[in-house]
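Below is one structure, written out as structure tokens; the observations come after it.
In what follows, every chain begins at residue 1, and chains take the letters A, B, ... in the order their sequences are listed. This structure is a prediction, so every number in the text was calculated from the model and none was measured.
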Amino acid sequence: MGIVLLMDIATWNVNSVRARLPRLLPWLEQRRPDVVCLQETKCLDEVFPREPIEDLGYHIECFGQKTYNGVAILSKSTPEDVIRGLPGEGEDADKRVIGAIVDGVMILNLYVVNGKEVGSDKYAYKLEWMDRVAELVASNYPMDEKVVVTGDFNVTFDDRDIAEPDLWRNKILCSEAERAAMAKIMEPGLSDAFRVHCEEEGQFTWWDFRTRGFQRGNRGLRIDHFLMSPPAIEACTQVMIDREARDGEKPSDHAPVIATLS
DNA sequence: ATGGTGGGTTCCCCA
């Protein structure tokens with residue numbers, strides 16, 4: 001008799017955890033995910049809004065900075081073996097990585113560098129940063145364990161992940177080098193869990209505020225992902241994009257994505 | 001259309 005696992009793991013780029021509290025708190029109450037990986041929390045750990053989230057029964061592990069970036073893991077069970085940042089980083093490095101083991105599942109939560117524009121300095125930084133993530137995954141995450149690498153990857157896999165693929169051809173979030181960097185992260189044995197369950201095009205997780213892409217006919221991209229090891233893929237029964245959370249008053253520009261392991 | 005909107009901070013940056 002093994003342990004019965006029934007676990008909803010969510011990922012959500014909230015674009016400021018403090019600004020998003022009026023959406024995050026009711027969403028936690030409604031969806032009650034067991035684990036929530038947040039990105040772009042945009043605050044120092046000492047001002048992370050712990051109380052209202054703890055009141056809903058969540059442990060909080062956060063790794064933030066002022067203004068930019070910031071990640072957190074909320075979990076109903078106590079997280080173990082928490083890691084913050086990439087190996088060898090200095091104190092001033094971007095806060096983009098937090099990991100933990102929750103109920104035996106090895107979770108790695110990433111806010112991947114955006115990269116601004118193909119060929120820019122930030123683009124080079126993105127590729128180099130993703131290379132370091134690949135190193136971490138290859139050396140510290142055994143593929144015979146349940147491994148879930150999730151977050152905002154700022155990379156699409158193929159044309160199905162892009163509302164207007166010809167407009168985005170070889171642009172940021174869609175270039176071959178970014179996709180190769182994704183493939184390198186996944187090389188030890190991770191798969192795109194969403195595509196195990198859904199082959200359809202037009203399934204997006206991010207819509208640009210500036211072009212009003214959500215309101216103007218679902219003009220989005222799929223850039224928030226669940227990469228899973230074979231035992232996690234085996235346990236994963238569905239991956240759903242919660243479009244409702246992208247609608248309404250003061251949403252983030254990203255929808256949450258929820259994976260169920262059973 | 002090299003913008004647009006939104007969040008955080010500072011008189012602009014990042015997405």
*DNA chain B: A:Val17 or A:Tyr111, which has the more 5' nearest nucleotide?*
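Nearer the 5' end of the strand: A:Val17.
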*Taking the nucleotide of DNA chain B with the closest heavy atom to each, which residue, A:Thr41 or A:Tyr68, is nearer the 5' end?*
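Here A:Thr41 is the residue nearer the 5' end.
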Take atom [atom1] in [N] and the same atom in [M], then report the distance between them in whole Å.
N: B:dT9; M: B:dC14; atom1: C1'; answer: 11 Å
N: B:dG6; M: B:dC11; atom1: P; answer: 24 Å
N: B:dC12; M: B:dA1; atom1: P; answer: 29 Å

With no hydrogens and no angle check, is any side-chain donor or acceptor of [X] less than 3.5 Å from a backbone partner on [Y]?
X: A:Thr205; Y: A:Asp224; result: yes
X: A:Arg84; Y: A:Arg96; result: no
X: A:Arg195; Y: A:Cys198; result: yes
X: A:Asp45; Y: A:Gly64; result: yes
X: A:Glu178; Y: A:Leu173; result: yes
X: A:Lys66; Y: A:Cys43; result: no
X: A:Arg23; Y: A:Glu249; result: yes
X: A:Thr150; Y: A:Asn109; result: no

*First and last nucleotide of DNA chain B touching chain A, 5' to 3', heavy-atom cut-off 4.0 Å?*
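Answer, 5' to 3': B:dG4 to B:dA15.
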*Is it the case that A:Lys76 places NZ or CZ above or below the six-membered ring of A:Tyr58, under 6.0 angstrom from the centre and within 45 degrees of the axis?*
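Here A:Lys76 passes the 6.0 Å and 45° test against A:Tyr58.
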Within [range]: residues closer than 4.0 Å to DNA chain B (heavy atoms):
range: residues 19-31 of chain A; answer: A:Ala19, A:Arg20
range: residues 208-225 of chain A; answer: A:Phe209, A:Arg210, A:Thr211, A:Arg212
range: residues 171-184 of chain A; answer: none

*Quick one: list whatever passes side chain to side chain contact (heavy atoms under 4.5 Å, CB included) with A:Leu86, sequence neighbours left out.*
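Side chain to side chain contact (heavy atoms under 4.5 Å, CB included) check on A:Leu86 returns A:Glu89, A:Val97, A:Trp129, A:Arg132, A:Val133, A:Leu136.
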_side-chain contact (heavy atoms from CB on, under 4.5 Å) for A:Gln39 and A:Ile98? Distances and angles first, verdict last._
CA-CA 10 Å; A:Gln39 305 88 35; A:Ile98 190 165; over 6 Å; no
*Report which part of the nucleic acid A:Lys116 touches: base, sugar-phosphate, or nothing (heavy-atom distance under 4.0 Å, all strands).*
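Nothing, no heavy atom under 4.0 Å.
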*Evaluate the side-chain hydrogen bond (donor to acceptor under 3.5 Å, both in side chains) criterion for residues A:Thr41 and A:Arg18: first the C-alpha distance (whole Å), next the side-chain angles of each, then the deciding distance (0.1 Å), finally the verdict.*
CA-CA 8 Å; A:Thr41 53; A:Arg18 289 179 294 175; over 6 Å; no
*Which residues pass the salt bridge (charged side-chain N to carboxylate O under 4.0 Å, His left out) test with A:Arg50, sequence neighbours left out?*
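Checked A:Arg50 against salt bridge (charged side-chain N to carboxylate O under 4.0 Å, His left out); matches are A:Glu54.
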